[in-house]
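Note on naming: letters A, B, ... go to the chains in the order of the sequence lines (proteins, then strands), and numbering restarts at 1 for each one.
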Amino acid sequence: MPRSHSMPDISARLAHSNRANPCYMFLMSSNPNRLSISQMAAPRPPAAKGDAPYLDGLNPEQRDAVMTTEGPLLVLAGAGTGKTRVLTARLAHIIGSRLAWPSQTLTVTFTNKAAREMRERALRLIGDAGEGLRWLGTFHSISAQILRQHAELVGLKSSFTILDTDDQVRLCKQIIVAENIDPKRWTPRYLAGLIDGWKNRALTPDRVPADEAFNFGDGKGIKCYEIYQARLKVLNACDFGDLLIHNITIFQQNPDLLKDFQSKFRYILVDEYQDTNVAQYLWLRLLAQGSQNICCVGDDDQSIYGWRGAEVDNILRFEKDFPGAKVIRLERNYRSTKHILAAASSVIAHNRGRLGKTLYVGDDNAIENVDAAKVKVRGLWDGEAESRLIADDIESWVRSGGKHDECAVLVRASWQMRAFEERFILLGIPYRVIGGPRFFERAEIRDAMAYLRLIRSPDDDLAFERVVNQPKRGVGNTTLAKLQAYARADGRSLFVLTPMVLQTDEIKGAAKRGLTQFIDQISMWRDRLANGMPHTELAEVILEESGYTDMLQKDRSPQAQTRLDNLKELVRAMGEFDTLPGFLEHVELVMDASTGGADEDQVQILTLHGAKGLEWPVVFLPGWEEEVFPSKRSLDESGLKGLEEERRLAYVGITRARERAYISFVANRQIYGRWQSVMPSRFVDELPHENVEVVSETGYSGMPGGDDAFTGSIEDLGERSNYQSPGWKRLKENSAKYRSTGAPRDASDLTATSGGPEAFRKGQRVFHDKFGYGRVAFSEGNKLTVDFEKSGRKKVIATFVTLA
DNA sequence: TATGATAGCTTTTTT
DNA sequence: AGCTATCATA
């Protein structure tokens with residue numbers, strides 16, 4: 001491959017950009033991280049001819065993507081084609097061959113995790129040279145940095161706070177109430193979503209199309225948005241969307257400043273470009289207009305975040321948006337067997353409007369492919385049979401020398417996890433649920449954070465409202481409403497105004513005492529911090545003196561102890577930061593507590609969304625049924641667009657597997673507590689016959705049979721299981737229940753419908769909501785096989801039919 | 001103001 | 001089914 005690839009003439013480019021950007025000189029002298037003129041003029045060591053360590057083992061396309069540094073470049077990287085590797089090698093190349101200093105590169109990712117990984121891998125490639133990669137981060141953390149520097153340009157103080165989703169919704173609720181809108185018909189959550197959606201599209205209130213006002217409160221949508229923004233300004237706060245929007249506003253209104261940034265960022269790298277929304281796209285385009293050196297890496301087939309504003313169009317339109325763009329396709333897959341790739345390709349081929357890539361097996365794993373297993377597709381009776389089968393498969397995988405952490409169960413929605421948790425607990429299979437409510441989203445953590453926020457910024461009304469009566473101080477809604485009315489009239493914050501209201505007789509009794517104590521305590525804690533009390537100690541003091549700890553200790557509910565533990569963990573996490581503001585800033589943006597224990601040998605259970613970017617030797621894909629996957633809601637809300645996104649999700653799911661993929665669907669499933677007959681997902685029929693092995697298990701398509709095997713009892717619950725997971729807790733509770741009433745005879749008692757169905761007999765005429773009339777062919781416990789007049793033979797649950 | 005009952009809703013997830 | 005948010009009641 002192109003060893004002869006010539007290095008672009010950088011000195012000429014630099015000279016040119018100096019001329020083109022008059023403010024560049026100024027920037028250089030003002031910014032310590034910038035190259036001095038002499039540094040820029042200094043001769044560089046000749047670039048090594050393709051021997052750089054970061055080029056080792058790259059295939060020709062990957063190499064091309066790394067070496068094509070100048071001009072816009074789109075790298076279409078299919079699943080498992082070494083995307084992250086290319087991105088980090090490219091960064092290493094740019095820095096290692098002195099095309100730019102680390103501080104002159106901008107690398108954006110979507111998640112903190114991806115940013116962390118990228119930084120680590122880049123540093124591994126280039127060592128100390130990579131230090132100073134301070135513009136490597138998420139869209140939000142980078143735009144927050146920029147906004148802190150220039151907050152005054154959009155009317156904020158640089159100390160602005162960043163609201164989380166919870167705060168946003170509460171703010172929306174206040175606006176709805178103030179505007180006399182019926183909060184049942186128009187929910188706060190919906191308004192928050194609407195505003196988020198507008199911000200994703202980079203629409204400030206003045207730019208929202210007029211008719212969209214009617215999306216909320218009979219035409220009050222835009223007005224609510226305006227009020228919301230005004231409130232944020234008063235609170236000196238931003239929501240996540242604002243970070244980007246304010247950046248864009250600043251860039252657009254201050255061309256000189258924009259030019260500074262354009263020349264500052266000589267090379268821009270973007271990960272997961274298919275997930276960008278309009279605001280992110282505009283932000284990138286503004287920044288890239290200087291150097292034009294923007295490299296976006298993505299895969300249109302893995303765009304699965306349309307529901308939160310991602311525009312697949314961004315990637316589809318790249319060549320138009322950035323004229324002269326080069327496109328490189330990475331299609332050699334180094335991850336999966338040919339059957340797995342064929343299955344994934346066959347499904348995704350049903351989507352229209354793709355950029356089109358065909359994955360093929362990279363050379364390295366071709367040999368193993370000779371006896372590679374086909375993708376297994378299995379239909380089962382119900383969710384319980386499905387989890388039982390998957391658990392059995394995992395056990396035999398482990399018995400034959402495999403490990404638990406080589407297996408993953410990928411579900412469409414988190415409610416589907418439960419069946420697997422229960423089964424794994426029963427069998428003592430170690431597992432871990434990935435995702436779910438995060439540490440900093442827990443109520444007790446938010447409460448503690450609100451105390452700290454209020455100490456940092458007295459004007460943080462949302463924090464005030466959150467904890468003024470937490471623990472109970474006799475300050476109820478009535479009192480709070482009074483205070484809010486005063487604050488609204490006066491224009492100052494609750495914390496400032498409350499002492500003044502307390503001077504009057506407006507508030508009496510318990511409320512008055514509670515408020516006085518609250519204000520006094522907050523002031524006192526703030527003084528202690530000012531007088532040098534370490535912030536971790538302060539946090540402990542607050543939890544103790546506010547009565548928060550007491551409240552939890554008195555709480556007899558099972559979660560109370562976990563909550564106390566979480567608070568301890570919070571204090572510990574604070575210790576990793578030198579100052580309180582530093583800690584709060586981190587939490588607002590990162591919302592992530594490094595939780596250990598990833599190195600244990602556990603089966604992973606996670607959603608398909610959560611699985612993107614990960615891989616396992618063995619992947620289970622349960623629940624491939626219409627209305628579950630593709631999800632009914634997705635189809636209802638977004639039609640064909642929604643369906644195609646679901647299909648991409650299927651593609652993501654299949655391509656997570658290295659060696660074995662097991663797809664399954666059931667005939668009957670309990671959804672929202674109701675039994676439903678379900679049809680196999682259309683995606684099942686989009687799989688290629690040649691690469692798939694259809695295993696007909698008892699229950700779905702075959703004859704009724706004894707597929708109930710007794711495998712264990714509740715009493716066997718081992719110490720090995722993950723005692724923190726929701727499933728474990730539930731089962732422990734169930735187990736207590738069963739002990740008093742008699743233990744279940746077999747595992748199926750755990751999930752089977754109670755309330756004995758009438759005994760159906762062969763030959764009886766029955767009626768079923770979905771299939772209509774039919775006659776019972778077999779009857780086995782609560783499972784019936786019925787010959788329906790219109791839809792033929794089906795297996796259904798007895799409680800699901802009535803005698804006709 | 002605090003508490004218990006009930007009505008309603010339910011994907012996916014980051015920042 | 002299970003959670004939460006809101007409402008009626010003490």
Check whether any side-chain N or O of A:Tyr672 sits under 4.0 Å from OP1 or OP2 of B:dT11, and answer yes or no.
yes

Other residues, nucleotides, ligands: >12 heavy atoms within 6.0 Å of A:Asp505 CG
no

When you get a sec, tell me which of B:dT3, B:dT11, B:dT15 is the closest nucleotide to the side chain of A:Thr111?
B:dT15

Does the ring of A:Trp415 meet both stacking tests against the six-membered base ring of B:dT10: centre distance under 5.5 Å and plane angle under 30°?
no

Any side-chain N or O of A:Asn477 under 4.0 Å from OP1/OP2 of C:dT6?
no

Crowded around A:Lys512 NZ? As in, over 12 foreign heavy atoms under 6.0 Å?
yes

Among B:dT11, B:dT3, B:dT1, the one nearest A:Ser414 by side-chain distance:
B:dT11

Atom-to-atom span, CD of A:Glu627 to P of B:dT12 - whole angstrom:
17 Å

Rounded to the nearest Å, what distance is computed from the CD atom of residue A:Gln280 to the C1' atom of nucleotide B:dT15?
9 Å

Residue met sooner reading DNA chain B from 5', once A:His140 and A:Leu649 are mapped to nucleotides:
A:Leu649

Between A:Leu515 (CG) and B:dT1 (P), how many Å, whole number?
10 Å

Which part of the nucleic acid, if any, lies within reach of A:Glu637 when heavy atoms closer than 4.0 Å are counted: base, sugar-phosphate only, or nothing?
base

If you look at every strand shown and take non-hydrogen atoms under 4.0 Å, does A:Asn469 touch a base, only sugar-phosphate, or nothing?
sugar-phosphate

Nearest-angstrom distance from the residue atom CD of A:Gln302 to P of B:dT13
16 Å

Is the shortest side-chain N/O distance from A:Thr479 to OP1 or OP2 of B:dT1 below 4.0 Å?
yes

Give the nucleotide from the list B:dT15, B:dT13, B:dT11 with an atom nearest to the side chain of A:Ser631.
B:dT11

Verify the neighbour count for atom CG of A:Asp636: are there more than 12 heavy atoms of other residues, nucleotides or ligands below 6.0 Å?
yes

Let me know the distance between OH of A:Tyr190 and P of B:dC9, rounded to the nearest Å.
14 Å

Between C:dA5 (P) and A:Arg170 (CZ): distance, integer Å
12 Å

Polar pair under 3.5 Å, donor/acceptor by atom type, side chain A:Arg412, base B:dT11
no

First of A:Trp307 and A:Thr478 reached from the 5' end of DNA chain B, by closest nucleotide:
A:Thr478

Would you say the side chains of A:Tyr190 and A:Asn215 form a donor-acceptor pair under 3.5 Å?
no

Take the protein atom NZ of A:Lys113 and the nucleotide atom C1' of B:dT13, then report the distance between them rounded to whole Å.
13 Å

For B:dT15, does either OP1 or OP2 sit under 4.0 Å from a side-chain N or O belonging to A:Thr165?
no

In whole Å, I'd like the distance from the CG atom of A:Asp166 to the C1' atom of C:dT4.
13 Å

Assess the residue pair A:Glu120 and A:Arg116 against the criterion (salt bridge (Lys or Arg N to Asp or Glu O under 4.0 Å)); give the C-alpha distance rounded to whole Å, side-chain angles, the decisive distance to 0.1 Å, and a yes or no.
CA-CA 6 Å; A:Glu120 276 166 21; A:Arg116 224 178 297 132; over 6 Å; no

By nearest atom, which of the nucleotides B:dT12, C:dC7, B:dT1 is closest to the A:Lys184 side chain?
C:dC7

Using a heavy-atom cut-off of 4.0 Å across all strands, would you classify A:Lys472 as base, sugar-phosphate, or nothing?
sugar-phosphate

So, does A:Lys173 get its side chain near the phosphate of C:dT6, meaning an N or O under 4.0 Å from OP1 or OP2?
yes

Phosphate-side-chain proximity, A:Arg418 and C:dG2, N/O vs OP1/OP2 below 4.0 Å
yes

Looking just at side-chain N and O atoms, do A:Gln168 and A:Lys173 make a donor-acceptor pair shorter than 3.5 Å?
no

